[in-house]
Q: 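Structure incoming, see below.
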Amino acid sequence: MKTLADIAAELEGYDPQALSVDRAQDFLARLMEPITDTEVVEVFAALDRVLAQDVISPVSVPPHDNSAMDGYAFMGGQLVPDEALTLTSVGTALAGQAWQGTVSAGQCLRIMTGAVMPAGLDTVVPQELASVSGQQIRIPANALRCGDNRRCLGEDLLAGSIALHQGTALRPAALGLLASLGVAKVTVLRRLRVAYFSTGNEILSLGQAACEGSVYDSNRYTVFGLLTRLGCEVIDLGVVRDEPELLEAAFTQAAARADAIITSGGVSVGEADYTKLMMKKLGDVAFWKIGMRPGRPMAVGRIGKAMLFGLPGNPVAVMVTFLVFVRGALTQMMGSTAKAAPLLRARSTQAMVKKPGRTEYQRGVVSTGADGRLQVQITGNQGSGVLSSMVQANGLIVLHHDQGPVALGGEVDVMMFDGAI
Ligand code: AMP
Ligand code: MG
């Protein structure tokens, strides 16, 4: 297990007071370690779980050559260029029922989609291409080639080959694939357990009466949503007041129960509260200033065996730092090999001020312009506390570290929210 100091020594010019987004991500990637505990679950319970080992296909898929169309199966070697072919139909093969009998040269078999191709037959003429007169089936010249409309044994997967690799996050297609192999149960990594709490004396829990200077806690709810979407098991430790004993108890409990701890608030410079103090006392924690907006301050490290992500307090900063840093780090801890979706390019519908030297994230709505190309518009007030703009947005415009101002109509990168938000 690497300490923060080990990683700091690996990274040339590491300065926790002035970190670029890339560097911070690189640091986190070196710090995270995947969990190893596994469990066996049924396919229906495996959605979004991460495979702990390769799944070797016990069978070939499809298990036999079969027809891709409703039509007539025959030996394709009889096709001659520029000549029609007339065959005599000798029976019907239905899906799920093996057809007993032989089909010789000059003959064909009426066959349904998915029905097993009898030995020797390799080609299917779709019924809409054939002219039928009694038992006589006429295939027009040059209508198809030998091998057409046949699905070959093992063309999806061959028995003994790797059907799904370790680290695959099981999406709906993977569930279907497992089922197609007849695999009823899979070994997955256990769910990542993530504990979270909000800090700050001004923060109220729902149900508490509002008083002057107080705000309702929104961060626990967004963090809950983000973690749940990621497939984590969540442990909600509520709002913790700024008192050393309460914070110590919350951190200690979180570290004992969870693989990772997410807090919000109390990590900015000049914070008068005890959050930073307690992180320092209980763990191996670095306090970063990241060249980004929103979301400059962040604490990272370990308390006991749990990874700590001390996010800033502002509601939008919480979501942005989660998306930019925490999501990838937790994905790595979950043992998943899934990569972040690529950024989209979209034309900006307005000019944007931007200074090189930090990464800026603006909430945006991507849509299709009148010319069919993607365009992106900023959602109103970009204040780091304005959650409504996060609700309207469908992605974050990423203005990169070295990038300068954006002209009207200039192309920008966008990180789409997809299912994450
Ligand atoms: P802090 O980082 O603790 O200085 O908080 C920055 C700003 O975010 C302050 O205005 C806080 O009131 C606000 N804030 C902190 N935590 C929360 C929370 N859980 N929900 C809503 N606002 C918060
Ligand atoms: Mg605070």
Side-chain angles (χ1 to χ4, degrees), residues 16-17 19 24 194-228 232 234-251 253-254 258 260-283 285-301 303 308-326 358 360-361 363 381-393 421:
Q17 295 298 303
L19 268 186
V194 185
Y196 57 86
F197 57 91
S198 299
T199 69
N201 287 348
E202 78 282 28
I203 309 301
L204 296 180
S205 281
L206 292 180
Q208 284 183 289
C211 55
E212 194 173 336
S214 62
V215 287
Y216 280 109
D217 180 9
S218 57
N219 292 339
R220 262 164 62 231
Y221 298 88
T222 43
V223 167
F224 156 80
L226 290 161
L227 289 172
T228 304
C232 300
V234 296
I235 303 170
D236 183 350
L237 297 180
V239 177
V240 179
R241 286 187 62 81
D242 184 31
E243 292 170 28
E245 310 76 55
L246 297 179
L247 284 165
E248 178 156 6
F251 277 120
Q253 205 199 128
I261 307 167
I262 297 178
T263 63
S264 69
V267 293
S268 16
V269 198
E271 273 289 335
D273 67 18
Y274 290 103
T275 307
K276 281 164 92 172
L277 221 63
M278 207 45 73
M279 289 175 175
K280 223 178 275 177
K281 176 180 163 193
L282 299 175
V285 180
F287 297 93
W288 285 349
K289 277 189 204 138
I290 307 169
M292 67 188 290
R293 200 168 86 162
R296 198 160 106 98
M298 190 169 141
V300 296
I303 294 181
L308 171 72
F309 302 91
L311 308 185
N314 274 310
V316 177
V318 165
M319 298 193 80
V320 170
T321 48
F322 187 98
L323 293 174
V324 175
F325 300 114
V326 182
R358 69 176 181 206
E360 291 187 14
Y361 299 90
R363 285 135 264 170
N381 186 339
Q382 296 287 308
S384 59
V386 183
L387 263 187
S388 55
S389 65
M390 204 69 189
V391 174
Q392 287 159 29
I421 289 189

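The figures that follow rest on heavy atoms only: side chains count, while hydrogens, waters and symmetry mates do not. Counting starts at 1 for both ligands and their atoms, in listed order.
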Q: Under 4.0 Å from a heavy atom of Gly266: give me the atoms of ligand 1 that qualify, with their elements.
A: 1 (P), 2 (O), 3 (O)

Q: Using a 4.0 Å cut-off to any heavy atom of Ser198, which atoms of ligand 1 qualify?
A: 19 (N)

Q: Looking at Phe224, I want to see if its CZ is surrounded by more than 12 non-hydrogen atoms of other residues, nucleotides or ligands under 6.0 Å.
A: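 It does not: Phe224 CZ has 12 such atoms or fewer within range.
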
Q: What atoms of ligand 1 come within less than 4.0 Å of a heavy atom belonging to Gly265?
A: 2 (O), 3 (O)

Q: Could you check Leu204, Asn219, Val223 and say which one makes a side-chain contact (heavy atoms from CB on, under 4.5 Å) with Ser198?
A: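 Considering Leu204, Asn219, Val223, a side-chain contact (heavy atoms from CB on, under 4.5 Å) with Ser198 is found only for Asn219.
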
Q: Would one find an N or O of Gly313, backbone or side chain, under 3.5 Å from an N or O of ligand 1?
A: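 Among all N and O atoms of Gly313, at least one is under 3.5 Å from an N or O of ligand 1.
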
Q: Taking all non-hydrogen atoms of both residues, which atom of Gly313 and which atom of Val318 are closest, and how far apart?
A: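 What the structure gives for the nearest pair is O-CG2, 4.0 Å.
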
Q: With a 4.0 Å heavy-atom cut-off (strictly under), which part of Pro297 contacts ligand 1: side chain, backbone, both or neither?
A: neither

Q: Heavy atom under 4.0 Å from ligand 1: found in Ile203's side chain, backbone, both, or neither?
A: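 Side chain only.
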
Q: Do Phe251 and Phe197 make the cut of ring centroids closer than 6.0 angstrom?
A: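 Here the rings of Phe197 and Phe251 have centres that are less than 6.0 Å from each other.
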
Q: Can you name the atoms of ligand 1, numbered from 1 with element, that are less than 4.0 Å from a heavy atom of Tyr216?
A: 20 (N), 21 (C)

Q: Whether the side chain of Asp242 engages the backbone of Tyr274 through a donor-acceptor N/O pair (distance < 3.5 Å, no angle test) should be reported.
A: yes

Q: With Gln253, which residues qualify under side-chain contact (heavy atoms from CB on, under 4.5 Å), at least two apart?
A: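 Expected list: Leu237, Arg257.
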
Q: So is Ser218 touching ligand 1 or not, going by heavy atoms under 4.0 Å?
A: yes

Q: Side chains of Tyr216 and Ile203, heavy atoms from C-beta outward: is any pair under 4.5 Å?
A: no

Q: Does ligand 1 have a heavy atom under 4.0 Å from the side chain of Glu202, from its backbone, from both, or from neither?
A: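 Glu202 to ligand 1: side-chain contact only, backbone stays beyond 4.0 Å.
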
